[in-house]
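Worksheet: the structure to be examined is printed underneath.
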Amino acid sequence: MQFGILVNEGPYNHEASDSAYLFARTAIEKGHKVPRIFFYHDGVNNSTRMAEPPQDDRNVTMRWSKLAEEHGIDLVVCVAAALRRGIKDELLAPGFRISGLGQLVEMGIQYDRLVTFGD
Amino acid sequence: MLHIVNKSATERSSLESCLRMATKGSAVLLIEDAVYAATNGNAAAAKIQAAAADLKIYALGPDLAARGMAGRVLDGVNVVDYGGFVDLVAEHSNCQSWL
Amino acid sequence: MSDMDDMDDGSGVVKKFMFLNRKAPHGTVYALEGLEVVLITAAFDQDVSMVFTDDGVYQLMKGVDTKGIEVKDFSKTYRALEGYDIEKLYVDQVSLDARGLTEDDLIVDVTVLSVDEMANLMAEQDVVISF
């Protein structure tokens, strides 16, 4: 089955991106496909490679990049939400790209399920 | 339908709204701070137990454990891990997150 | 705005999308950014319903004046929805009652639904996105 995932909150402030990551990783482990994850609202803050969490904490952004690289996941950051919050192409961690909300709507149309994680 | 709730019922109204609109036979999964509602003595426990007559109530085990609540789960609530969460999404034709 | 032009994902699939608005405007950005998703979804020619429950009903208040808080007044966008073929606007009766509001207080024409009607409408959707 194909799952789309929508992440609406930034890392560290809210558990949403942790829950979304664990859900995506587990779905893939169970043989499902997660072709794309869409980041909206403050969720766009998951994408910046400028984040430097303490060494003893998880690195949410790098974790997304690694999952995307291993499983070919398209990590899409909403352009309008990103520009509003100062997220630009040159700040993106590997695997992320900036695009329009149409990419979110396509997930709803094309995939079997769309699961939202937010506040 | 699978309803996913992530807010503490003693802080916000999302669980109450969810239980109001969930049709008979649908499933409710409590994750993040919503898991407190599924524990003994919580002010929302009676609502959960009443709802369990018509709905299937699940709580996410890793979120319960992270909050020291793993040993306090109400009778009638099914504890699932992330694999169970994925299965619930797959088994139901649609899902809704009560943000 | 090119985003607003008709879009097509090439599949010809039309799904039932429900946008569930449960949050008041201005206190957080969800209502404003949620509205942007609704407009894009309609441009994909999908079957779009907008539902306002809980504090989401406050998004539709008449008589909004945002000058004093120096933010955009997006309440007028709700009146423009018809132009995007978004005509299915539903409001939860219980949520209106709990806030001392009636249909007359709202900026657009809506269909007011009972709890059972709301529950059945939600259950029949393909995709539910909550803001």
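Here is the naming used below: chain letters follow the sequence lines, and residue numbers restart at 1 for every chain.
Contact count versus chain C (heavy atoms, under 4.5 Å) is highest, among B/Ser17, B/Ala22, B/Ser13, B/Ser93, for B/Ser17. The candidate from C/Met122, C/Gln125, C/Lys23, C/Arg22 with the greatest count of non-hydrogen atom pairs under 4.5 Å with chain B is C/Arg22. Across B/His3, B/Glu16, B/Arg20, the residue that shares the most heavy-atom pairs under 4.5 angstrom with chain C is B/Arg20.
Around atom NZ of C/Lys67, no more than 12 heavy atoms belonging to other residues, nucleotides or ligands sit under 6.0 Å away.
Taking the side chain as every heavy atom from C-beta outward, C/Ser114 and C/Gln93 never approach each other to under 4.5 Å. By the 4.5 Å heavy-atom criterion applied to side chains, C/Met61 and C/Leu101 are counted as neighbours.
Classified by interplanar angle (parallel below 30°, tilted 30° to 60°, perpendicular above 60°), the ring pair C/Phe74/C/Tyr78 is tilted.
With a 4.5 Å cut-off on non-hydrogen atoms, C/Asp92 touches chain B through its side chain but not through its backbone. Of the atoms belonging to C/Thr53, it is side-chain heavy atoms, and not backbone ones, that fall under 4.5 Å from chain B. With a 4.5 Å cut-off on non-hydrogen atoms, B/Ser14 touches chain C through its backbone and its side chain both. Heavy atoms closer than 4.5 Å to chain C are found in both the backbone and the side chain of B/Met21.
Scanning both residues, C/Tyr84 and C/Ala42, for their nearest heavy atoms gives O-CB, 3.6 Å.
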Worked verdict on C/Ser11 versus C/Asp9 for side chain to side chain donor-acceptor pair (under 3.5 Å) = CA-CA 6 Å; C/Ser11 66; C/Asp9 78 313; 2.8 Å; yes

